[in-house]
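We name chains A, B, ... by the order of the sequence lines, and we start the count at 1 in each one.
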2 protein chains.
Amino acid sequence: MPRRGRREEILAIACRLFSQKGYHGTTIRDISEACGILAGSLYAHINTKEDLLFEITDRGADAFLRSLTPIVESDVPARQKLKLAVRAHIQVVEANLEAATVFFHEWKALTGERFSQIQEKRDQYEGLWATILAEGVREGIFQLQDEKFARLLVLSVGNWIYQWYRPDGELSAEEIADRFVSLMLHGFAR
Amino acid sequence: MPRRGRREEILAIACRLFSQKGYHGTTIRDISEACGILAGSLYAHINTKEDLLFEITDRGADAFLRSLTPIVESDVPARQKLKLAVRAHIQVVEANLEAATVFFHEWKALTGERFSQIQEKRDQYEGLWATILAEGVREGIFQLQDEKFARLLVLSVGNWIYQWYRPDGELSAEEIADRFVSLMLHGFAR
DNA sequence: CCTACCGATCGGTAGG
DNA sequence: CCTACCGATCGGTAGG
C-alpha cells in the first residue's frame, strides 16, 4: 500500500538524482532503490519517469515566477526592482538548489507538450527581467544602447548561479545579490 | 572496411547529436544511423561511446586553452587582455558551437580519470581568467573589493554564451565581445 | 507495495 | 563495414 507523503519523498529523491546524474543518466531503479522499494512499486505513485522531471521543473518554474512577478508589478523604481529581483532569484536558488539545477540543466529532456509548457514559463520569466530593464531605460536610470546585451548579462548571471552557489558560504544570499547588482550597474573598472 | 576520414565524420555527428539530445539521450544507434552504417560497425572506429564524449570535450578544452593562453602570457595591459580574451572566447564558441555546447553542458557525463582530466582543464581555463583579473587589480585598473564576484560575472557570461550565441546574427563575434567587455567594465547604470 | 514478468532497447562483440 | 548476436538493463505492467 502506498505510504502517505511517499510521493513527495520520491520527488525529492528523483530531484537529487537528476541533479547529480542527469535525467537520462538516472534510472527508475536508481530512484526506487534510493526510496527502499522495488522498481515496479514506484508506479503505484507515478505514471511515467517523465512525470517526475515535469513536476520538478514545473514547480521550479512556478517558484521563480511567483517570486519575481510581484516585484515587477510593484510600484518602485526600476533600480530597486533590479536589486529585489536578483535577491529573490538567488533566494529561490538557495531554497531549492537541487530543483534549480534540474530546472536549468535538465528541462530540455522533456518532450512534446510538456517541453513547450516549461519553455513558455521560462520565456515568461525572462520576459519579466526584460520588463525591469526596459522600465529602467524609460526612467532614464539605465543606459541601454545595449539593452539586449544588458539583458543577456543579467540572464547569464541568473542562469549560472546554480552552478557555483552553495548555501554554506560566508555571505548571505542578499549580500551576494547586492554585490552582483552593484557590479552590473557600475562595472569593475576603476 | 573503414573509410578514411570516417572517424572525424563520426565525431562530428556524435557532437551534433550530443549537443541536441545530450550524451545519455543519444544512443549508439542514433549515431550509427546518422552515419549510414550499422551499430556494430561503429566499433571499427571507436572503442566505447564514452570515447566520443571524451574526444569532443577534450578537443573543446584544448581549443579554449590554446586561444586564451597566449593572450594571458602576452605583454599588454590587463584591460586589453580582458578584451582580447572575451573576443577569443566568443570566436572559439563561434567556430565550434556544437562542440562548445557539449563541452559546457555534457562533460559531467564523463567518468573516472577522464572526468578528472576535463575538470582539470576547465579549472586551468578558469584560472587564466582569474589571472587577467588579478593583473588588472595589481595594475590598479580594476577595482576588486569584489574580485571573486567579478570573476563569477565573467565566467557566467562565458559559460552561458553557447546558449544564445548564433553565428547568423547581425553583429560579429568581435563586436559582441567588445560590448560585453564595455558592460562588464562600466555597467549599465547611467 | 511485492512478485513476477514483459518487450524493447541498450552498449558492445565475434567472425568474416 | 556487415551479419548475427549477446547479456544486461531499460521503462513499465498485471495481478495480487
Side-chain angles (χ1 to χ4, degrees), chain A residues 1-58 102 106-115 118, chain B residues 1-58 102 106-115 118:
Chain A
M1 246 140 286
R3 201 171 84 192
R4 278 194 335 117
R6 189 55 137 174
R7 197 186 152 78
E8 286 304 318
E9 193 187 332
I10 292 170
L11 276 165
I13 286 169
C15 187
R16 174 166 52 81
L17 291 172
F18 290 167
S19 76
Q20 287 169 356
K21 322 204 296 173
Y23 174 71
H24 288 300
T26 303
T27 71
I28 280 295
R29 278 160 185 84
D30 290 335
I31 300 168
S32 62
E33 272 166 37
C35 289
I37 60 179
L38 294 180
S41 307
L42 214 57
Y43 290 88
H45 304 280
I46 63 169
N47 291 318
T48 69
K49 183 187 171 190
E50 197 179 324
D51 282 2
L52 291 170
L53 180 60
F54 177 72
E55 200 152 331
I56 291 164
T57 51
D58 193 52
V102 177
E106 297 296 325
W107 73 280
K108 284 188 177 174
L110 289 167
T111 62
E113 173 63 24
R114 287 161 144 189
F115 177 90
I118 298 301
Chain B
M1 245 138 288
R3 203 172 82 193
R4 276 192 339 115
R6 191 54 141 172
R7 195 186 153 79
E8 285 305 316
E9 194 187 332
I10 292 170
L11 275 166
I13 286 170
C15 188
R16 176 166 51 81
L17 291 172
F18 290 167
S19 76
Q20 287 168 357
K21 322 203 299 172
Y23 174 70
H24 287 300
T26 302
T27 70
I28 280 296
R29 279 160 185 84
D30 290 334
I31 299 168
S32 61
E33 273 166 37
C35 290
I37 59 178
L38 294 179
S41 307
L42 214 56
Y43 290 87
H45 305 280
I46 63 169
N47 290 319
T48 70
K49 184 186 171 191
E50 198 177 324
D51 282 2
L52 291 169
L53 180 60
F54 177 72
E55 200 152 330
I56 292 164
T57 51
D58 193 51
V102 177
E106 298 296 326
W107 72 280
K108 284 189 179 175
L110 290 168
T111 61
E113 174 61 24
R114 289 163 143 188
F115 177 91
I118 299 301

Once pairs are restricted to Watson-Crick or G-U wobble with both distances under 3.5 Å, how does DNA chain D read as a dot-bracket string, [ ] for crossings and | for other-strand pairs?
||||||||||||||||

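Taking the six-membered ring for Trp and thresholds of 30 and 60 degrees, B/F115 and B/W107 have nearly parallel ring planes, at less than 30 degrees apart.
With B/D30 as the partner, the salt bridge (charged side-chain N to carboxylate O under 4.0 Å, His left out) test is satisfied by one option alone out of B/K21, B/K49, B/R16: B/K21.
The CZ atom of A/R7 sits 7.5 Å away from the CD1 atom of A/I46 when rounded to the nearest 0.5 Å.
Atoms CD1 (A/I28) and C1' (C/dG7) sit 17 Å apart, rounded to a whole Å. Rounded to an integer number of Å, the gap from B/E50 CD to C/dC10 C1' is 16 Å. As rounded to whole Å, 13 Å separates atom C1' of C/dG12 from atom CG of B/L52. If you measure from atom NZ of B/K49 to atom C1' of C/dT13, you get 18 Å, rounded to the nearest angstrom. Rounding to whole angstrom units, CD1 of residue B/I31 and C1' of C/dG11 are separated by 11 Å. As a whole-Å value, the separation of A/L42 CG from D/dA14 P is 16 Å. B/I37 places its CD1 atom 5 Å from the P atom of D/dC1, with the value rounded to the nearest Å. Going from atom NE2 of B/H45 over to atom C1' of C/dT13 covers 15 Å, rounded to whole Å.
Residue A/L38 places its side chain closer to C/dT3 than to any other of D/dG11, C/dT3, D/dC2. Checking C/dC1, D/dC1, D/dG12 against every side-chain atom of B/S41, the shortest atom distance belongs to D/dC1. Distances from the side chain of B/Y43 to the nucleotides D/dC10, D/dC2, C/dT13 place C/dT13 closest.
Within the structure, every side-chain polar atom (N or O) of B/R29 is placed at least 4.0 Å from both OP1 and OP2 of C/dT9.
Toward the 5' end of DNA chain D, the nearer of the two residues A/G40 and A/D30, judged by each one's closest nucleotide, is A/D30.
At the heavy-atom level, B/S32 lies nowhere under 4.0 Å from the strands shown.
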